[in-house]
Amino acid sequence: MLEALKEARKAYDIEEVPIGAVVVKDGKVIGRGHNLKERDKDPTAHAEILAIREACEFLGGWRLTGCELYVTIEPCMMCCGAIYQSRIAKLVYGSDDPKAGCVNSINHLLEDDRLNHMVEVDHGVLESQCSQIMKDFFRRLR
């Protein structure tokens, strides 16, 4: 999660919403990302999506079987879809997102037993640090 927080800091430094993500396989980071929606003018440029893309490129395919995704803030609906579609084995996130989170907050998309792939979820990892960078960012904007 510390690596995901480093990515979040990169977003913060360029005035993007400070969310960071890393994909890990066998203890090695194979994909990194931080929000770039504003810079790229792309609504899909979320940290999770960018980290998943980089990991897929690294592995040479779209299946991230056996990989873990660490993200600072609870993923949204779009990112949950990408997590599911890429077959990530485990999601670890820091802080809940009560306005857009679709893992535990406003929806439970990764728990639907009708899906043919289940994702293990762990949350609350370095929660205070993950939520603090968001608070600092939005306080700075106001």
Side-chain angles (χ1 to χ4, degrees), residues 1-113 115-141:
M1 188 61 76
L2 291 173
E3 292 299 311
L5 277 164
K6 287 179 187 177
E7 291 297 315
R9 175 54 69 179
K10 290 177 186 177
Y12 182 95
D13 290 344
I14 60 171
E15 299 182 358
E16 292 275 357
V17 174
I19 298 174
V22 294
V23 176
V24 174
K25 180 151 178 98
D26 300 325
K28 178 182 177 187
V29 174
I30 62 168
R32 295 177 174 276
H34 54 276
N35 277 0
L36 293 174
K37 282 174 57 172
E38 299 298 331
R39 187 199 76 181
D40 292 355
K41 297 171 182 47
D42 178 357
T44 69
H46 287 205
E48 300 94 323
I49 302 292
L50 299 174
I52 287 169
R53 287 178 184 161
E54 188 172 285
C56 288
E57 186 173 321
F58 178 86
L59 293 177
W62 62 267
R63 289 177 185 88
L64 298 180
T65 309
C67 292
E68 300 171 344
L69 174 66
Y70 292 81
V71 61
T72 55
I73 301 295
E74 179 182 4
C76 70
M77 184 180 300
M78 176 183 66
C79 292
C80 283
I83 291 164
Y84 166 74
Q85 288 293 327
S86 64
R87 306 300 191 259
I88 286 176
K90 184 175 182 179
L91 166 67
V92 180
Y93 72 88
S95 183
D96 288 337
D97 182 351
K99 293 183 178 180
C102 286
V103 178
N104 286 317
S105 294
I106 64 170
N107 209 318
H108 294 85
L109 293 179
L110 298 177
E111 293 179 3
D112 191 329
D113 60 8
L115 298 173
N116 66 348
H117 173 70
M118 299 306 293
V119 178
E120 181 183 347
V121 176
D122 188 10
H123 62 97
V125 176
L126 298 181
E127 182 176 9
S128 62
Q129 293 97 315
C130 292
S131 64
Q132 190 61 52
I133 193 171
M134 293 287 281
K135 290 175 186 173
D136 293 347
F137 177 78
F138 287 107
R139 187 176 303 118
R140 187 177 77 176
L141 284 181

For this session: If the plane angle is over 60° it's perpendicular, under 30° parallel, otherwise tilted; pick one for Tyr93 and His123.
Result: parallel
For this session: Mark yes or no: Arg140 above the aromatic ring of Phe137, with NZ or CZ under 6.0 Å from the six-membered ring centre and no more than 45 degrees from the axis.
Result: no
For this session: Could you grab the distance from atom CG of Leu110 to atom CG of Leu115, nearest 0.5 Å is fine?
Result: 8.0 Å
Problem set entry | Close side-chain approach of Leu36 to Ile14, heavy-atom, < 4.5 Å | yes
For this session: Measure from the side-chain N and O atoms of Arg32 to the backbone N and O of Ile30, and report whether any donor-acceptor pair falls under 3.5 Å.
Result: no
Problem set entry | Spacing of CG belonging to Asp96 relative to SG belonging to Cys130, to within rounding of 0.5 Å | 11.0 Å
Exercise. Just how far is it from atom CD1 of Ile83 to atom CD1 of Ile52, taken to the nearest 0.5 Å?
Worked result: 5.5 Å
For this session: Would you check, one step at a time, whether the test side-chain contact (heavy atoms from CB on, under 4.5 Å) holds for Leu91 with Glu68?
Result: CA-CA 6 Å; Leu91 166 67; Glu68 300 171 344; over 6 Å; no
Exercise. When you measure from the side chain of Glu16 to the backbone N and O of Arg39, does any donor-acceptor pair fall under 3.5 Å?
Worked result: yes
For this session: Compare every heavy atom of Asp122 with every heavy atom of Lys90, then report the nearest pair and how far apart it is.
Result: CE-CB, 4.1 Å
Problem set entry | Non-hydrogen atoms of Ala11 and Pro18 that approach each other most closely | CB-CA, 3.8 Å
For this session: For residues Arg53 and Thr44, report the shortest heavy-atom separation together with the two atoms involved.
Result: NH2-OG1, 3.5 Å
For this session: Give the minimum heavy-atom separation between Leu50 and Ala45, together with the two atoms involved.
Result: CD1-O, 3.9 Å
Problem set entry | Cys79 side, atom SG; Leu69 side, atom CG - distance, nearest 0.5 Å | 8.5 Å
Problem set entry | Lys/Arg-Asp/Glu bridge criterion (N-O < 4.0 Å) met for Lys10, Asp13 | no
Problem set entry | Under 3.5 Å side-chain donor-acceptor pair for Tyr84 and Asn116 | yes
For this session: State whether the side chain of His117 and the backbone N or O of Ile88 hold a donor-acceptor pair below 3.5 Å, judged by distance alone.
Result: yes
Exercise. Can Trp62 and Arg87 be said to form a side-chain contact (heavy atoms from CB on, under 4.5 Å), step by step?
Worked result: CA-CA 8 Å; Trp62 62 267; Arg87 306 300 191 259; 4.1 Å; yes
Exercise. Is there a side-chain contact between Cys67 and Leu59 (heavy atoms, below 4.5 Å)?
Worked result: yes
Exercise. Asn104 versus Glu111: any side-chain heavy-atom pair under 4.5 Å?
Worked result: yes
For this session: Return yes if some donor-acceptor pair links the side-chain N/O of Ser105 with the main-chain N/O of Cys102 below 3.5 Å, else return no.
Result: no
Exercise. Is the number of heavy atoms from other residues, nucleotides or ligands within 6.0 Å of NZ (Lys37) greater than 12?
Worked result: no
Exercise. Do other residues, nucleotides or ligands put more than 12 heavy atoms under 6.0 Å from the CD atom of Glu57?
Worked result: no
Exercise. For the atom pair CD1 (Ile19) and CD (Glu74), what is the distance rounded to the nearest 0.5 Å?
Worked result: 10.5 Å
Problem set entry | Backbone N/O of Val71 and side chain of Glu48: donor-acceptor pair under 3.5 Å | no
Exercise. Just wondering, do Met134 and Ser95 contact through their side chains at under 4.5 Å, heavy atoms?
Worked result: no
For this session: Kindly say whether Ala4 contributes a backbone atom to a donor-acceptor pair with the side chain of Thr72 at under 3.5 angstrom?
Result: no
For this session: Give a yes or no on whether the backbone of Ala21 and the side-chain of Glu7 come within a donor-acceptor separation of less than 3.5 Å.
Result: no
For this session: Examine distances only and state if a side-chain atom of Asn35 and a backbone atom of Ala47 form a donor-acceptor pair shorter than 3.5 Å.
Result: yes
For this session: Identify the two heavy atoms, one from Cys80 and one from Leu109, that lie closest to each other, and give their separation to 0.1 Å.
Result: CB-CD1, 4.0 Å
Problem set entry | Worked check of side-chain contact (heavy atoms from CB on, under 4.5 Å) between Val125 and Tyr70 | CA-CA 9 Å; Val125 176; Tyr70 292 81; 5.8 Å; no
Exercise. Can you tell me if Lys25 uses its side chain to pair, donor with acceptor, with the backbone of Thr65 under 3.5 Å?
Worked result: yes
Exercise. Stepwise, does the side-chain contact (heavy atoms from CB on, under 4.5 Å) test hold for Val23 with Glu54?
Worked result: CA-CA 9 Å; Val23 176; Glu54 188 172 285; over 6 Å; no
